[in-house]
Amino acid sequence: MIYGKLKKVNCVASHDMVGEKSSRISGFYRLEMEERLSKVADFSGLSEEEKNLFLKNGELSLAIDRSIADRMIENVIGIFELPLGIATNFRINGKDYLIPMAIEETSVVAAASNAARIARVRGGFTAWASEPLMIGQIQVLRIKDKEKALRSIQENKVKILELANAQDKVLVNLGGGAKDIEVRFLDDMMVLHLLVDVRDAMGANVVNTMCEAVAPMIEELTGGKVRLRIVSNLADKRLAGARAVFDKDAMGGEDVVNAFLEGYRFATLDPYRAATHNKGIMNGIDAVVIATGNDWRAIEAGAHSYAARTGKYQPLTKYWKDEDGNLVGEIELPIAIGTVGGASSLHRKAQICKKILGVKSAKELAEIIASVGLAQNFAALLALSTVGIQKGHMELHAQNIAVMAGAKGEQIDVIAQRMIEEGKIRLDRAKELMKELYG
Ligand code: MEV
């Protein structure tokens, strides 16, 4: 088993379907880019226009119009792009998905697909997500009587929630809105948490608006001075998780499962290793978050603060053996993403990525993202605890080096292959070979 390239595994059972849409597309990586896109378009019902957006170079292919980009952020000089890959083989809660991943790192997409293929042997991923409850924080200073301030907040809770909800009638009509208030005291300050059900939005905007709107009322009720009013990215009331059973034979046998668990244990004992372990998880998570136009910095902040919630930085995944010796993996973390609103509504390719996924809600997207995080981590640990990850990286890495040395078209494969054969994957060697073979 290798981290990077797709490789056949020894499947003991199959959950591939007949007649249903299947994400199990054999040899997908061997197809030309246009052929891959056609398969994805067939799977997801993309129109010609949507397909063309990915195919064409230049102005037509832009996911966001220059004029929109110019309004999205400040001092715009252009648009910065990333490769978009499709992870295959994912089956989550009984449904097949093709998963768009925007990322610059070699091997991540292949590794996720490979892990999903192994998970598929025993039915794929079972994923869940909690209600989309975000936390807005209001910091209150200079409180003279803590007991009295707390009582006043409790007695006026309904009034505070009503004022918060007056800020977004649409959200309230959809069943969302401010639902509850929690109060904490940290040293001499009071911290009020406004709990807001943001439905299918990421929610930072509405939460911030609500916090700012109720702040004067909070000052009046507590006699204190409000300072910060802002969403918390430790969204620990908006968790998502996934679990999968990885078949021991598909993994390569009992010894491999044991080696895997030995490798995993390292992350439970050491924050230096746990950081890299979680970074690997975020390779997959961020790539889907970016492809769907979501705020990956928020997801990163949430993931790492959640990993440290006990005071000791821990891996976001857990692994153990079931009674038959198969490996069971589980992940849980805050996933504050939206399927409506925000930049994703302006970004045409992000919209098409959501169509490729066929997601109907932020909850479903969070479940997919959690599954990809688990798949990514499983693939990395499987490779690390056996052959290492460099082997899988080699081919695409060599191709990248060839491109850096100026290789074009078929030259890229020729130069990369020569460097792999020689065991010298270096820019200076690529340049020499370019000179030697193409003058
Ligand atoms: C590389 O981007 C990610 C890994 O380092 C993750 C890990 O070590 O678990 C391979």
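Remember, it's a predicted structure, so these values are computed and weren't measured experimentally. Just follow the structure's listing: the first ligand is 1, and inside any ligand the first atom is 1.
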Polar atom proximity, Asn377 to ligand 1 (N or O, under 3.5 Å): no
Hey, which atoms in ligand 1 end up nearer than 4.0 Å to a heavy atom of Leu384? 7 (C), 8 (O), 9 (O)
Could you give the distance from CG (Asn205) to CG (Asp168), rounded to the nearest 0.5 Å? 10.0 Å
Considering Lys279, Glu105, Gln376, Arg273, which one's heavy-atom position lies nearest to atom 7 (C) of ligand 1? Arg273
Could you go through the side-chain hydrogen bond (donor to acceptor under 3.5 Å, both in side chains) check for Ser113 and Asn89 one step at a time? CA-CA 6 Å; Ser113 306; Asn89 306 332; 5.2 Å; no
Test of ring centre spacing under 6.0 Å for Phe90 and Tyr97: no
Can you check whether Val328 reaches Tyr319 side chain to side chain, under 4.5 Å on heavy atoms? no
Interfacing atoms of ligand 1 (cut-off 4.0 Å, heavy-atom, Thr276): 5 (O), 6 (C), 7 (C), 8 (O), 9 (O)
Can Leu381 be said to touch ligand 1, with heavy atoms closer than 4.0 Å? no
As an exercise, identify every atom of ligand 1 less than 4.0 angstrom from a heavy atom of His277. 9 (O)
Phe378 vs Phe260, test: ring-ring contact (aromatic ring centres under 6.0 Å, His included). Steps then yes/no. CA-CA 9 Å; Phe378 167 81; Phe260 185 106; 5.4 Å; yes
